[in-house]
Amino acid sequence: MHHWLRWARYEMVEVRFRRGRFRRRRSGRGDGRTMRWSKLFIPTLRDAPADAEAASHKLLVRGGFIRQLHAGHYSLLPLGLRVHDKVENIVRQGMEEIGAQEFLLPAMHPASIWQRSGRWGSVGPEMFRLQDRKEADLALGMTHEEVFTEIAREITSYRTLPQIWYQIQWKFRDEPRPKSGLLRVREFAMKDSYSFDLDDTGLDHAFETHRAAYLRIFERLSLDAIAVQASSGMMGGTGSVEFMVPSPAGEDDIARCVDGSYAANVERATSKLPPVDDGEARSELVRFPTPGVRTIAGLETVEGGAPAHRQIKTMVMVLDGAMTLALVRGDHQLNLQKLADGTGAADIRPAEPAETLERLGAHPGSLGAVGVEGLRIVADHALRGRYNLATGANTDDWHYSGVDIERDISVDEWLDLREVSAGEPCVNCGQPLEVVRCIETGHIFKLGRRYAEAMGASVLDADGVERPITMGSYGIGIGRAMAAVAEVHHDDRGLVWPAAVAPYGAVITVASMRDDRAVAAAEQVYRELQARGVEVLLDDRDARAGVKFADAELIGIPWRITAGRAAADGEVELTARATGDTRRVGISDAAAEVAALLADS
RNA sequence: CGGGACGUGGCGCAGCCAGGUAGCGCACCUGCUUUGGGAGCAGGGGGUCGCCGGUUCAAAUCCGGCCGUCCCGACCA
């Protein structure tokens, strides 16, 4: 390469660098000389793979954005990488705006650092583990609290605080069930940031700063993310908020109040329940025969039974190896995450029928907690103070009536265990809650001092007292956010990318490559758009117009400029992907027009 | 890990029950025609039928084992 050409390349990168509103990690991608469709690798498919279910999965594959390598591992093709980069850069900008500093940490970690935090033993099989040639244990990072905290040990004075550090790095998680294309994978890019503060007040501030930054980021991605109270799961800590995008392709349910005053993951959500009238005076505990009754519904109608809301449902669970009875109202559902959070159990499973038979003496359907000794019994708040209830008697075909829960059952702990249902009154305003299926695109945690204490990251405060650093951790899944955008923004013809993340801002479709005037018009608009810094794709393939239109719509480019019969009048057509609205503009005006439209969006 | 389905050219599928030449549509290559909404005709290339073993003269097909993928449940960005 001649030196002047190399210099020209360098200049181009520099211009992009300065023009960008924020730093780009990769500045040279798609440099304008490779935007002719005929030269690009954009393998579109007419049919989606048979095993694709989610809209984003089908369309990202059909549009030539991604290809599966194996379960939970996807290759990003050039189009997919362009979108992924844009999502990354929007996230990066959002982080830079709150003063976060970008790092890049190793993806592979020594076991020792996870042993020091205690998570080598606690996280289980979702961590990929391997050995090197020396048989030393290693892990592929599923998150980076340990490594960032290790670096934070070099913070020794409160005067260095607060700090916010972040990276965009590949995470590895051996998901039990990868699914739905990029929505749930085993290898994915995540923006993870970490805040370091002297105390809880500082953490609260960093947390609220992140919450606001996340809402800005998701708005720029055209995602209507709802911030909800969440369970903290594996991360631990004192509080967490998830960012949820409503979509039937999601895997989480949230409950939210119609007026927006309350929103929580169903793993955390509560509601205000009307009190139940347990009737007349407390009656005697009566054991009565119930031949063949095995269900809540069955016990409602049998002689001596009771309506579901006046029954006790007894769920026999095994928590970290110990059999536990979890009690909820007959018409309520036990939420397993609430049980885990409330009891602190790491491993939860329902007891096998054989186990319940051996320990309690009956099969599921006739189980109860009356008179049970030696097992932990936890009960939902909705059962507190209740009496005249029906429940199983731990003998097949026998139940109790007249159960007074405080008198007859030795409850060890009262917990929030029940899952809310749609229509129940909001705890804040009493209006009905709705339950909405969502994709979790972000999650922020107040970690507290747990990692700093375990790893030995502390500072001296103004009084010269050594104090562990108070931390928060904050994640956004890049590929998941990309898939969520696809999930929300598509129609029956294909993807409809918002301009901010579209692989190209515009596509010029030459209706026929044999129409010299059309070709000349297209080349002119192409040059002019490039001069204006617009990423534009020139569809110069020698294909029929219908094929090109269909492909342009499938890959979801926001603006299409059609160079065809209008060229004879000195015009091209301008079509909005989202609406299909088309109008004619002069060939020489088209570039300015499209550049302005993209700048507005 | 429990339940269900499925592995046949790049994608979508048939063939398997009744063992015997691997087939169709899309895509791809060549030629001619066509050219503003996934063209037509003609010719052509491409498949260890997931893997291993067994039965058989002969296995995509029958039997056994394994692997993989997808969907529904328990977990997470």
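Labels below follow one simple rule: chain letters A, B, ... track the order of the sequence lines, proteins then strands, and each chain is numbered from 1.
- As the counterpart of C75(B), no nucleotide is assigned, since no Watson-Crick or G-U wobble pattern has both distances under 3.5 Å.
- When the ring-ring contact (aromatic ring centres under 6.0 Å, His included) test is applied to W497(A), the partners found at least two apart in sequence or on another chain are F65(A).
- Across all strands shown, G10(B) pairs with C26(B); the Watson-Crick or G-U wobble distances both stay below 3.5 Å.
- A donor N or O paired with an acceptor N or O is found under 3.5 Å between the base of C75(B) and the side-chain atoms of R184(A).
- Base contact: D551(A) has a heavy atom under 4.0 Å from a base atom.
- A cation-pi contact links R129(A) to W120(A), judged by a cut-off of 6.0 Å to the six-membered ring centre and 45° from its axis.
- Donor-acceptor pairing under 3.5 Å, judged by distance alone, is present between the side chain of R480(A) and the base of C76(B).
- Of the candidate nucleotides C75(B), G37(B), A77(B), G37(B) has the atom lying nearest to any side-chain atom of F549(A).
- Note on E267(A): nothing from the nucleic acid sits closer than 4.0 angstrom, heavy atoms only.
- What you find for R493(A) and E553(A) is that their closest heavy atoms are NH1-OE2, 3.3 Å.
- Under a 3.5 Å cut-off, the side chain of S247(A) and the backbone N or O of A249(A) do form a donor-acceptor pair.
- Atom NE2 in H144(A) sits roughly 14 Å away from atom P in A77(B) (whole-Å rounding).
- Atom CD of E219(A) sits in a sparse spot, with 12 or fewer heavy atoms from other residues, nucleotides or ligands closer than 6.0 Å.
- Proximity of a side-chain donor or acceptor of R480(A) to a complementary backbone N or O of L182(A) within less than 3.5 Å is not detected.
- The side chain of E175(A) lies closest to C76(B), out of A39(B), A74(B), C76(B).
- With a cut-off of 3.5 Å on both Watson-Crick or G-U wobble distances, the partner of U21(B) is given as none.
- At whole-Å resolution of the value, CD1 in I555(A) and P in G38(B) are 19 Å apart.
- Pairing for A59(B) is absent, with no Watson-Crick or G-U wobble pair whose two atom distances lie under 3.5 Å.
- Comparing C26(B) with G40(B), their P atoms sit 7 Å apart, to the nearest whole Å.
- For a distance-only test at 3.5 Å, the side chain of R560(A) qualifies as a donor-acceptor partner of the base of G37(B).
- With hydrogens and angles ignored, no donor-acceptor pair under 3.5 angstrom links the side chain of R544(A) to the base of G40(B).
- Across the strands present, U69(B) finds its partner in A5(B); the criterion is a Watson-Crick or G-U wobble pair with both atom distances under 3.5 angstrom.
- Mapping E573(A) and L336(A) onto RNA chain B via the closest heavy atom, the residue that lands nearer the 5' end is E573(A).
- Contact annotation for K171(A): no contact, since no heavy-atom pair falls under 4.0 Å across all strands.
- When heavy atoms are screened at a 4.0 angstrom cut-off, V245(A) is found touching no nucleic acid atom at all.
- Across all strands shown, S180(A) has heavy atoms under 4.0 Å from sugar-phosphate atoms exclusively, and none from any base.
- The distance from atom CD of E187(A) to atom C1' of C76(B) is 16 Å, rounded to the nearest whole Å.
- Taking atom CG of D174(A) as the reference point, atom P of C1(B) lies 11 Å away to the nearest angstrom.
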**Message:** Please evaluate residues R119(A) and Y451(A) with respect to the criterion side chain to side chain donor-acceptor pair (under 3.5 Å), reporting the C-alpha separation (whole Å), side-chain torsions for both, the decisive distance (0.1 Å), and the verdict.
**Reply:** CA-CA 10 Å; R119(A) 289 160 111 190; Y451(A) 291 95; 3.1 Å; yes

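- Residue A550(A) is classed as a base contact, given a heavy-atom separation below 4.0 Å to a base.
- Residue-to-nucleotide proximity on RNA chain B shows that, of G477(A) and A545(A), the 5′-proximal contact is made by A545(A).
- Aromatic ring orientation, F207(A) versus Y474(A): tilted (interplanar angle from 30° to 60°).
- Phosphate contact (OP1/OP2 of A74(B), side-chain N/O of Q337(A), threshold under 4.0 Å): absent.
- For A14(B) and G47(B), the P atoms lie 22 Å apart once the distance is rounded to whole Å.
- Between the side chains of R577(A) and T575(A), no donor N or O sits under 3.5 Å from an acceptor N or O.
- When the P atom is used for both A5(B) and C52(B), the distance is 26 Å, rounded to whole Å.
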**Prompt:** Between Q337(A) and D341(A), is a side chain to side chain donor-acceptor pair (under 3.5 Å) present by the stated rule, with each step listed?
**Reply:** CA-CA 6 Å; Q337(A) 189 63 45; D341(A) 291 344; 3.1 Å; yes

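- Between A22(B) and U69(B), the two P atoms lie 31 Å apart (nearest whole Å).
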**Derivation and outcome, side chain to side chain contact (heavy atoms under 4.5 Å, CB included), residues K191(A) and Q167(A)** = CA-CA 6 Å; K191(A) 184 288 298 176; Q167(A) 64 171 345; over 6 Å; no

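- One atom, CD1 of I348(A), and another, P of G2(B), lie 19 Å apart when rounded to the nearest Å.
- Under the 6.0 Å distance and 45° angle rule, R82(A) counts as a cation-pi partner of Y504(A).
- Taking a pair to require two hydrogen-bonding distances under 3.5 Å in either a Watson-Crick or a G-U wobble arrangement, G36(B) remains unpaired.
- As the counterpart of C49(B), no nucleotide is assigned, since no Watson-Crick or G-U wobble pattern has both distances under 3.5 Å.
- The gap from the C1' atom of U56(B) to that of C72(B) amounts to 40 Å, rounded to the nearest Å.
- Within the structure, a side-chain polar atom (N or O) of H70(A) is placed less than 4.0 Å from OP1 or OP2 of U69(B).
- One C1' atom belongs to C28(B), the other to U21(B), and the distance between them is 25 Å to the nearest Å.
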**Prompt:** Going 5' to 3' along nucleotides 10-16 of chain B, which nucleotides have protein heavy atoms under 4.0 Å from the base (write B), which only from the sugar-phosphate (write S), and which from neither (write -)?
**Reply:** -SSS---

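- Comparing G25(B) with G43(B), their P atoms are spaced 13 Å from each other, to the whole Å.
- U61(B) sits 11 Å from G20(B) when the C1' atoms are compared, rounded to a whole Å.
- What separates CD of E242(A) from P of C76(B) is a distance of 10 Å, to the nearest Å.
- Looking at heavy-atom distances under 4.0 Å, A484(A) makes no contact with the nucleic acid at all.
- Taking the side chain of D252(A) as heavy atoms from C-beta on, and the options A74(B), C76(B), G38(B), the nearest nucleotide is C76(B).
- For T562(A), the listed nucleotide lying nearest its side chain is G36(B); candidates were U34(B), A77(B), G36(B).
- Rounded to a whole Å, the CD atom of E53(A) is 7 Å from the P atom of C71(B).
- Nucleotide C41(B) is matched to G31(B) when pairs are restricted to Watson-Crick or G-U wobble geometry with both distances under 3.5 angstrom.
- G442(A) comes within contact range of the sugar-phosphate backbone alone, with a heavy-atom separation under 4.0 Å but no base atom that close.
- Separating the CG atom of L183(A) from the P atom of C72(B) is a distance of 12 Å, rounded to the nearest angstrom.
- Among the heavy atoms of the strands lying under 4.0 Å from R62(A) is at least one base atom, whether or not backbone atoms are also near.
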